[in-house]
Amino acid sequence: MKTIRSLTLAAVTFAAIQVTATSTIAPDSTDTGKKDDRNVMLNAADANKPREIQIGLPSEDVTVYENGLPAVYSSTVHKLSAHWRNDASLAGMGLMTPSESAIATGNIAYSVTAFSEIGQKEFKGKLNYHANHFGQQTFDLNLSGSMSANWLYTFGTYQNFDPGSFRLRYADYADRTELYHLGITRLLGTQGRVSLLYKHSRSKNPGNFANAAPFIYKGDGSIEKVQGFDPGLDSYVPRSGSFRYMDTMTGQMMTWNLTDAQENRANEIALIADYTFANGLQWKLNAKYMDAPRADYVDFGGSTISRVTAADGYTVEDGSAYEGLIEGRRTWLHFGKVRNALLTTEMNKRLGNHKLMVGLNEWYYHLDYHSASFQWAGTVEPYPTVLYANYVNPTDPTQTPQRSQTFGFNELSPEYTVGSENKLALYATDSWQATDRLHLFFGGRLEYYRMSADQIASSRFQGFHIGDFQTYATDADGHIVATSHSIRPANVTKNKLNYAATLQATYSLTRQMGLTADATIATRFPRISEYAGTGPTEEQYNRVTIPLIRGGVYYRNAWVDLSSMVTYIAKSNNIDQQNLTKPGTNEGKTVLLIYDIQTLGWTTSAELKPFRNFQLHALFTYQKPVYKNYSASVTFNDGQQMTVDANNMIVKEIPQILIELDPKYNITRNLNAWLSFRYFGKTYANLQEALYFNGHWETFGGVNWDVNKHLSLGASVVNIFNEKGAKGTISGSELINKEEAAKYAGNYMSGNYMRPFTVEFNASIKF
């Protein structure tokens, strides 16, 4: 749950599956009446999950709802892609707008909504196959039909064998995911149905922490490849081996192998029902219980890349001295167990010009989680060598320094929390056609929120773990000084009220042109995941408030559907942890930050059909997200204090300019060609606007052919121009400011990158 992560902010749209802005709470269409088609599964960072659609704030989570309930309650520990895929078990998908999501879930974000296949009276089968030129093979099967007049069935499996774009050496697959689905449905005449669904997931994703590369930062926003290293085609993770780490729970030294990497297992059972009464009242009930006894993952990070000589004391396996480039590398091992019991029920009815809906959420989430951290030094090359050095044992510095590959045990943000949170919410909406010209949509949500967590508020240090123990240090006179520690979890319990509200209005000036505006506000208090670190103190525990205000115009005719809107969105009391690295060294400290963000933006979107068989979606966004009240100080081991002050600076990793161009041409009725171009403008790669990456294009394209009613074929390309641009943040650059930026031109650094040029093939058989 380490919040010191490099986010890849990609924008998406569907190649084969169009996602439309629909929702269980949405009226006929509150957002100017137009559909908001997004290719949400074309992700330039990860092929196995939706992209994060920009709203001008750093994403808190990738939000996917399945049958009205979160696919995973929170992906901070149990990752979304470990339990959910866009597979043949789904009958359809949609996209909730941030305003709709705020009322239905309490979270302002674009949210994918998916609906399970439950069967039908005739037999139906779907077999999907996907492959790429790196050797990925994905098989996806679903079968459904009827057992009798009133009983339906569905079952299927998803199997992904993905070796990644380079050999990992320590594992056969970068992603090996298995999903199994089984369901039965009882039809209640023509008025309703009740379904019981079971899902089992098993996923190992050791390639998740391999998306990093070294590069030379040229100082002008561009990068140069390090000689002998090709980002996306070379691994920056060692070939194999084991690491020594300190168990946060016991303080014992343990061994972790790269082959262990990460594993997720979960079982889920769901009950979904809907019924329409004679008076037109519609009732829905969605409930599920999910148990993930193992939800583990690994994070790799970096710091400073430097050149060392034999005098620095680094050696290789045989004891010979190493000279050359090294990077201080950081690793976090995360161990989690997750359970949740979720229920949502809704009733809706049309009364005259009103479409009314009342809903209830009862969502319970239990988390048992801890992590451990350690550091190591590695060579800067493909499959880096883990170097040895003489490190002092933090539990007994009187010993002679020992030759070891790892050090700094649990110094960098090891986390711990055990507890639960519960959301009980009542919400309601009204979609009202007030006049022939005026449409109003308004709603509110009131949520009782209870969080009870065992947390450790103590600062982290080398040798940190639960229990009673001593650490040792050498003072200025050379004497060894012992410090006693009693690290114990303590309970924090909060009972709070959250709320959300929205008002949307659309006014038709003419049959083709109109005005639209909406205002939404959502609040929440700190979640259990934010107590895994030191957590906010009682004085820091404040309500998080997110207001969203939009307004603009729309115009549509036979060949164009155009809308243009100005948006303001903000977020107060955002909680984050940052690893701050002392510039030019491998030394890092973890600090808790609480700050605000404000974004003002302008977006114009158009759906164009200028001639027969051709359509184009185009979008332009200019936004200016800035930090507010963002400052922190840190004291390093030599006593030097440094400050980061990002107040009024552009939020890192979020571009100010976004462009999407999605043309599609129907060559024949059954054959079409499509492209998707997305431009992300200049993004800052550190907190104080010192280092940045130039704008880049993320490109996709393909051809789809419906051979007949049973067989469909397709071919596509990811990263058409094979851009090697870096993304996210630059490791170890947190404290670099604008005045110091020039001296980092030509320096070796590390960061994340886009998926490399990839050719993909797919086939779908329906029977």
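In this text the structure is predicted, and so the values were computed from the model without any measurement.
- A distance of 10.0 Å separates CD of Gln540 from CG of Leu593, quoted to the nearest 0.5 Å.
- Looking at Glu415, its side chain never comes within 3.5 Å of a backbone N or O of Ser371 through a donor-acceptor pair.
- Using modelled atom types, no side-chain atom of Glu346 and backbone atom of Lys284 make a donor-acceptor pair closer than 3.5 Å.
- Looking at heavy atoms from C-beta onward, Val338 lies in side-chain contact with Met290 at the 4.5 angstrom threshold.
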**Request:** Tell me, with the steps shown, if Val626 and Ile650 meet side chain to side chain contact (heavy atoms under 4.5 Å, CB included).
**Result:** CA-CA 4 Å; Val626 295; Ile650 302 296; 4.0 Å; yes
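- Not a single donor-acceptor pair under 3.5 Å links the side chain of Thr502 to the backbone N or O of Gly443.
- One finds the CD atom of Gln282 at 12.0 Å from the CE atom of Met357 (value rounded to the nearest 0.5 Å).
- Atom CE of Met642 has more than 12 heavy atoms from other residues, nucleotides or ligands within 6.0 Å.
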**Asked** Can you check side chain to side chain contact (heavy atoms under 4.5 Å, CB included) on Arg543 and Tyr499, steps first, answer last?
**Response** CA-CA 11 Å; Arg543 186 190 304 273; Tyr499 62 87; 3.9 Å; yes
**Request:** Apply the test side chain to side chain contact (heavy atoms under 4.5 Å, CB included) to residues Met451 and Ile528: give CA-CA distance (whole Å), side-chain angles for both, the deciding distance (0.1 Å), then the verdict.
**Result:** CA-CA 7 Å; Met451 190 276 298; Ile528 188 172; 4.0 Å; yes
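- A 4.5 Å side-chain heavy-atom check between Tyr73 and His78 finds every atom pair outside the cut-off.
- Note: His465 and Phe469 have parallel aromatic rings, judged against thresholds of 30 and 60 degrees for the angle between ring planes.
- Taking the charged nitrogens against the carboxylate oxygens, Lys337 and Asp291 have no contact shorter than 4.0 Å, which rules out a salt bridge.
- Taking each heavy atom of Val418 and Tyr416 in turn, the nearest pair found is CG2-OH, 3.5 Å.
- Looking at every heavy atom in both residues, Arg527 comes nearest to Tyr449 through CA-OH, 3.3 Å.
- Between Met249 and Ile466, some side-chain heavy-atom pair lies under the 4.5 Å cut-off.
- Using a 30° and 60° split on the angle between ring planes, Phe335 and Tyr245 fall in the parallel class, below 30°.
- Under 3.5 Å, the side chains of Asn495 and Tyr448 contain a donor-acceptor pair of N or O atoms.
- Between Arg265 atom CZ and Asp296 atom CG the span is 8.5 Å, to the nearest 0.5 Å.
- Relative orientation of the Tyr198 and His200 rings is parallel, given thresholds of 30° and 60° on the angle between their planes.
- A donor-acceptor pair is defined here as one N or O able to donate and one able to accept, closer than 3.5 Å; no such pair exists between the side chain of Glu653 and the backbone of Thr683.
- In this structure, Asp454 contributes its side chain and Thr417 its backbone to no donor-acceptor pair below 3.5 Å.
- Between the side chains of Tyr427 and Glu447, no donor-acceptor pair is found at a separation under 3.5 Å.
- The one candidate from Thr344, Thr105, Asn340 that meets the side chain to side chain donor-acceptor pair (under 3.5 Å) condition with Trp363 is Thr344.
- Here the CG-CD1 distance, from Leu503 to Ile549, works out to 11.5 Å after rounding to the nearest 0.5 Å.
- Minimum interatomic distance between Ile654 and Pro625 (heavy atoms only, all atoms of both residues): CG2-CG, 3.7 Å.
- Nearest heavy atom pair, residue Ala341 against residue Tyr289, reads CB-CD1, 4.2 Å.
- Residues Glu411 and Phe464 have side chains not in contact (no heavy-atom distance under 4.5 Å, counting atoms from C-beta outward).
- Of the N and O atoms on the side chains of Asn491 and Ser452, at least one donor lies less than 3.5 Å from an acceptor on the other residue.
- Judged by distance alone, with hydrogens and angles left aside, the side-chain atoms of Thr520 form no donor-acceptor pair with the main-chain N or O of Leu548 at under 3.5 Å.
- With no hydrogens or angles considered, a side-chain donor-acceptor pair links Asn574 and Tyr595 at under 3.5 Å.
- If you check the side chains of Asn286 and Asn67, you find no donor sitting under 3.5 Å from an acceptor.
- Remark: the backbone N or O of Met565 is not paired with any side-chain donor or acceptor of Thr603 at under 3.5 angstrom.
- Contact of the Thr76 side chain with the Leu367 side chain is not registered, since no non-hydrogen atoms from C-beta on lie closer than 4.5 Å.
- A heavy-atom distance below 4.5 Å is not found between the side chains of Arg460 and Leu412.
- At a cut-off of 3.5 Å, with distance as the only test, no side-chain donor of Ser420 or Asn422 sits close to an acceptor on the other residue.
- Pairing each heavy atom of His83 with each of Leu179, the nearest pair is O-CD2, 4.0 Å.
- Counting heavy atoms from C-beta outward, Lys288 and Ile269 have side chains that stay 4.5 Å or more apart.
- Checked by atom type, the side-chain pair Lys628/Asn648 shows a donor-acceptor distance below 3.5 Å.
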**side chain to side chain contact (heavy atoms under 4.5 Å, CB included) between Leu356 and Lys349, worked out** = CA-CA 5 Å; Leu356 305 171; Lys349 183 174 174 58; 5.6 Å; no
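- Ion pairing of Glu263 with Arg202 is present here, as a side-chain N (NZ or NE/NH1/NH2) and a carboxylate O approach within less than 4.0 Å.
- Although no hydrogens or angles enter the test, the distance criterion places a donor-acceptor pair under 3.5 Å between the side chain of Ser572 and the main chain of Thr545.
- Taken to the nearest 0.5 Å, the CG atom of Leu333 stands 9.0 Å off from the NE2 atom of His370.
- Figure legend: cation-pi geometry between Lys494 and Tyr541, with NZ or CZ positioned under 6.0 Å from the six-membered ring centre and within 45° of its axis.
- Lys423 has its side chain out of reach of Asn361: every pair of non-hydrogen atoms, C-beta onward, lies at least 4.5 Å apart.
- For the residue pair Thr63 and Ser111, the shortest heavy atom distance occurs at CG2-OG, 3.4 Å.
- Checked by atom type and distance alone, the side chain of Asn573 never pairs as donor or acceptor with a backbone atom of Asp596 at under 3.5 Å.
- Without hydrogens or angle criteria, Asn410 side chain to Gln462 main chain gives no donor-acceptor distance under 3.5 Å.
- Remark: of the listed residues Thr276, Thr345, Asp274, Thr345 is the sole one forming a side chain to side chain donor-acceptor pair (under 3.5 Å) with Trp283.
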**Prompt:** Going through the checks in order, is the side-chain hydrogen bond (donor to acceptor under 3.5 Å, both in side chains) test met by Asp645 and Ser631?
**Reply:** CA-CA 4 Å; Asp645 185 357; Ser631 63; 5.3 Å; no
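- Summarising the geometry, atom CD1 belonging to Ile597 is positioned 7.0 Å from atom OG1 belonging to Thr599; distances are rounded to the nearest 0.5 Å.
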